2 protein chains.
Amino acid sequence: MARSTAQRVAATLRDRIEGGGLPPGTQLSEEALGRDLGVSRNTLREAFRLLVHESLVVHRLNRGVFVRVLEPADVRDIYRMRGALETAGVRAAATAPHALHEAVRGAVTHAEQAASEGDWQEVGSADLRFHRALAALADSARVDAAMDRLMAELRLAFHEMPSPRRFHEPFVARNRSLAALLERGEYERAEAELTTYLDDALRLILDAMREAGR
Amino acid sequence: MARSTAQRVAATLRDRIEGGGLPPGTQLSEEALGRDLGVSRNTLREAFRLLVHESLVVHRLNRGVFVRVLEPADVRDIYRMRGALETAGVRAAATAPHALHEAVRGAVTHAEQAASEGDWQEVGSADLRFHRALAALADSARVDAAMDRLMAELRLAFHEMPSPRRFHEPFVARNRSLAALLERGEYERAEAELTTYLDDALRLILDAMREAGR
DNA sequence: GCTAAGATATTGTTCAACAATCCTCAATAG
DNA sequence: CTATTGAGGATTGTTGAACAATATCTTAGC
């Protein structure tokens, strides 16, 4: 796969951010980072633009770029958008291609398996995959892209979660039952369940953020 | 308002693209445009990144950037995404702040006035504002931003519409009746009407594109 | 007419310099 | 003591030129 230098730099920065090496709020100095990564300031700036597009960093004019800090208001907003996209997926479930339903099922069983092994980090990413698969039922590249950006932003919030287990465990079963509703064609109930599901998850995250001192 | 050079350059390019001065498919040469606009290649590239983010142009590695060409598949995809966002707005209408409902009403009457004056271009933008206002009922900055990007993309497709009047006229009345349903609190019916509305509009655009020879 | 090698043009990337802007912190006025 | 102002320093914004990498076009050979 042909990738430009800027794309490669953006990838390593993305890893550092999601890995916690660059915590939210950190300023990404052009000179220091450029020296560190061995690229010119101009190329680094191109990489910054890519990350801004993913909302992993924010750019303030004449101030530079900073790792995104998620406020409670942001998380609420993200969940509104999630609601829009995932609901769209559920409502399109009746006419969605078989492969997309397959992806939903796969994410559910993957999460269950990871849970039985106690790998809560893996449960977390399987959960994200499940929700991405839900939205993907809408069968739209733009919905998929928007959903991917939301998930990337959410990962920033997960960093502040104290116990991944306490957060993810209750949702494994709910994923299963939501998927079951879909397979049985009970779309109305699936939609209702999805709404309360997202409300509950949002509340958990906001509580965790409040405890973590903000 | 403080804007960087790149932002100003992006704005003029955006105007030229939406005004038809740079038709879809045109390559934006770095050297020629830079000379024309009096900015360096590096700054022009930053402007390009902004436009790529708005999907007004596409960037092909080692090939350059080109004004976006909308395929029928793109238009279909855009309408799926629109459906997701506007439906989300309608479903949140019950709890939306008063000011947001006001915006919906304002866009409807604005379109009606422009129609009575025969200014179909203006009817077109009022129509876009109406739909943006619908999505905005979701009361989410991210939904708003996504909707703005969609509208910008759609404007590219409108360029290929032969008769703005034939396309926009039938929808003025439908906008009014949809808004009326919302005010009466008949959200289910509003949602259903919105769905068929979008289907009809999509069909019209696809027909026009086919006629325009593609 | 087709393929392959070379020439040409364009983009990708780097570098160094200067301009514009923001932040810090001390000095000053009230 | 607080608030304001202003210089100084640090960082980003922008430029222009240069070279490397890649794609496209041209030409030679069959």
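Only a predicted model underlies this, so the values are computations on that prediction, with no experimental measurement involved. Just so we're on the same page: letters track the sequence lines, and every chain starts at 1.
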Tell me whether the OP1 or OP2 atom of [N] has a side-chain N or O from [X] closer than 4.0 Å.
X       : N      : answer
A:Ser4  : C:dG12 : no
B:Thr5  : D:dT14 : yes
B:His59 : C:dG12 : yes

Study note, to complete from the structure: Rounding to the nearest 10°, end axes of the helix from C:dG1-D:dC30 to C:dG30-D:dC1 built from five pairs each make an angle of 20°
Point to revise | DNA chain C-proximal residues of residues 22-31 of chain B, any heavy atom under 4.0 Å | key: B:Gln27, B:Leu28, B:Ser29, B:Glu30
Check your understanding: Are the aromatic ring centres of B:His131 and B:Tyr197 under 6.0 angstrom apart?
Key -> yes
Review point. Is the ring centre of A:Phe158 less than 6.0 Å from the ring centre of A:Phe167?
Key: yes
Using a 6.0 Å cut-off, check whether atom [atom1] of [X] has over 12 heavy atoms from anything other than its own residue.
X        : atom1 : answer
A:Glu102 : CD    : yes
A:Glu31  : CD    : no
B:Glu169 : CD    : yes

Study note, to complete from the structure: Checking A:Leu198, A:Leu204, A:Leu206 against A:Leu202 for side chain to side chain contact (heavy atoms under 4.5 Å, CB included), the one that qualifies is A:Leu206
Review point. Picking from A:Val67, A:Thr26, A:Leu22, A:Leu28, what satisfies side chain to side chain contact (heavy atoms under 4.5 Å, CB included) with A:Arg16?
Key: A:Leu22
Practice item. Give the C-alpha distance, both sets of side-chain angles, the deciding distance and a yes or no for side chain to side chain contact (heavy atoms under 4.5 Å, CB included) between B:Val9 and B:Phe48. Key: CA-CA 9 Å; B:Val9 168; B:Phe48 284 167; over 6 Å; no
Mind calculating the distance between [atom1] ([X]) and [atom2] ([N]) to the nearest angstrom?
X       : N      : atom1 : atom2 : result
A:Arg35 : C:dA16 : CZ    : P     : 13 Å
A:Leu33 : D:dT11 : CG    : P     : 13 Å
B:Arg60 : C:dT10 : CZ    : P     : 16 Å
A:Arg8  : D:dA21 : CZ    : P     : 12 Å

Review point. Which residues in residues 41-53 of chain B have at least one heavy atom lying under 4.0 Å from any atom of DNA chain D?
Key: B:Arg41, B:Asn42, B:Thr43
Exercise for review: Select from A:Arg63 and A:Gly38 the residue whose nearest nucleotide in DNA chain C is closer to the 5' end of that strand.
Suggested key: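 Per heavy-atom nearest nucleotide, the more 5' residue is A:Gly38.
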Review point. Which one of A:Arg14, A:Arg68, A:Arg149 satisfies the salt bridge (charged side-chain N to carboxylate O under 4.0 Å, His left out) criterion with A:Glu54?
Key: A:Arg14
Point to revise | Nucleotide nearest B:Asn62 (side chain, heavy atoms from C-beta), chosen from D:dA23, C:dT14, C:dT13 | key: D:dA23
Exercise for review: Quick one: pull up CG in B:Leu134 and CG in B:Leu178 and give me the separation to the nearest 0.5 Å.
Suggested key: 6.0 Å
Exercise for review: For A:Tyr79 and A:Arg76, test the side chains for any donor-to-acceptor distance below 3.5 angstrom and give the result as yes or no.
Suggested key: no
